[in-house]
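To start, the structure itself, in structure tokens.
Below, each value reflects all heavy atoms present in this structure, side chains not excepted, and no hydrogens, waters or symmetry copies. Chain letters run A, B, ... following the sequence lines, proteins first and then strands; every chain starts at 1.
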2 protein chains.
Amino acid sequence: MTRTDEKVRYLPEGKRASYTARSAAQSVQNVLRVLEGRWKLVILFQLFGGQVRRFSDLERAIPGISQKMLIQQLRQLENDGVVARIVHHQVPPKVEYHLTEWGQSLCPALDALLIWAEGAPADVRSQLIQEGQEDAAQKPEADAT
Amino acid sequence: MTRTDEKVRYLPEGKRASYTARSAAQSVQNVLRVLEGRWKLVILFQLFGGQVRRFSDLERAIPGISQKMLIQQLRQLENDGVVARIVHHQVPPKVEYHLTEWGQSLCPALDALLIWAEGAPADVRSQLIQEGQEDAAQKPEADAT
DNA sequence: CGGAATCCAAATTGATACTG
DNA sequence: CAGTATCAATTTGGATTCCG
């Protein structure tokens, strides 16, 4: 469900940047800053798989989020090149959001984090992983494989 | 220097946890919470590669950190099972820190994030990646005992 | 509908001083 | 040396209201 890596080839592999302990830490922090924020991951996972959703869709799909936070987090993600925005100039305004290609390619990296989490010692693991229960009133969307 | 994945086989592969869009987002956030914090990654990268360092070493190696923050971040990492602590009961107290096996296995996951960052559009990328310069023009060690 | 602006509460971080 | 404790500053998230 969260697999898009099969078709995402965003860059030719080969050369890697070089890091020192410090620069690597710094860079990872910069990356985390992109992902940090109370709602960004929830938004991201709503958009993975090439989904396109409008503002009000997201608002509805993410219970508990306020408009301010939704727009704020979207703007930041947009600014960071993860999310793209399409404005349809209509009488009832319509704005759609979707992931950029680079944004889509985040999936495998997040997957690596999940895999790491799954290897945690039992006590920690249970605090980390929320297995996907079928809770009613949920909808089984979000699939592109 | 940030490669340890060659020898780290922390779990037999095969089974994966199952996630919904929501539970995956939640789990990734939990993971990020482990890594969040102004100094955690800096500490982590000081400890990668099986390094063992004592409190004062870390304090010295991380310019700008206060004792409070160092101990706080270490405690949280310890609590999350990423860092382990060895207390030597000596007259001048000596406490050493190192990564747990699971902590070491974080390396490839962080690497995945770095690789993702390297694939960012040029303008974003430059804000994300700090290539590892020889920090000669950097603050060398303005510290006096 | 989509979004900007304001005000406010809570969580993080930092500076500083003190202790076993 | 390795922490604790306290307080102030900054950052962050959230509720509400108004606008094109």
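Considering only side-chain N and O atoms, A:Gln72 lies under 4.0 angstrom from the phosphate OP1 or OP2 of D:dG13. Put simply, B:Trp39 has no side-chain N or O that comes within less than 4.0 Å of OP1 or OP2 on C:dT12. For the OP1/OP2 pair of C:dT12 and a distance below 4.0 Å, the side-chain nitrogens and oxygens of B:Arg38 include no atom meeting the criterion.
The structure places CG of B:Leu110 at 6.5 Å from CG of B:Leu41, a figure rounded to the nearest 0.5 Å. Atom CG of B:Asp80 and atom CD of A:Gln127 lie 7.5 Å apart (nearest 0.5 Å). Considering CD of A:Glu131 and CD of A:Glu118, their distance stands at 7.5 Å, rounded to 0.5 Å.
Distance A:Leu70 CG to C:dG3 P: 9 Å, rounded to the nearest Å. Nucleotide C:dA15 holds its P atom 11 Å from the CD1 atom of B:Ile65, rounded to whole Å. Atom pair B:Glu59:CD and C:dG14:C1' shows a separation of 14 Å (rounding to whole Å applied). Distance A:Gln73 CD to D:dG13 C1': 9 Å, rounded to the nearest Å. As a whole-Å value, the separation of A:Arg54 CZ from C:dC1 P is 8 Å. Taking atom CG of A:Asp57 as the reference point, atom P of C:dC1 lies 11 Å away to the nearest angstrom. We find that CD of A:Glu36 is positioned 11 Å from C1' of D:dT12, with the value rounded to whole Å. The distance from atom CE of A:Met69 to atom C1' of C:dT6 is 15 Å, rounded to the nearest whole Å.
Each of A:Gln76, A:Gln72, A:Gln73 was scored for a side chain to side chain donor-acceptor pair (under 3.5 Å) with A:Lys40, with one residue passing: A:Gln76. If you run side chain to side chain donor-acceptor pair (under 3.5 Å) between B:Glu96 and each of B:Arg54, B:Arg53, B:His88, only B:His88 comes through.
Checking D:dC7, D:dG3, C:dG2 against the side-chain heavy atoms of A:Phe55 singles out C:dG2 as nearest.
Of the residues in residues 74-98 of chain B, B:Arg75, B:Arg85, B:Pro93, B:Lys94, B:Val95, B:Tyr97 come within less than 4.0 Å of DNA chain D through at least one heavy atom, sorted by number.
In this structure, B:Ser56 reaches the sugar-phosphate backbone alone: every heavy-atom distance under 4.0 Å involves primed, P, OP1 or OP2 atoms, never a base.
Counting heavy atoms from C-beta on, the side chains of A:Leu44 and B:Val28 never come closer than 4.5 Å.
Using bins of under 30°, 30° to 60° and over 60° for the plane-to-plane angle, the ring pair B:Tyr97/B:Phe55 lands in the tilted bin.
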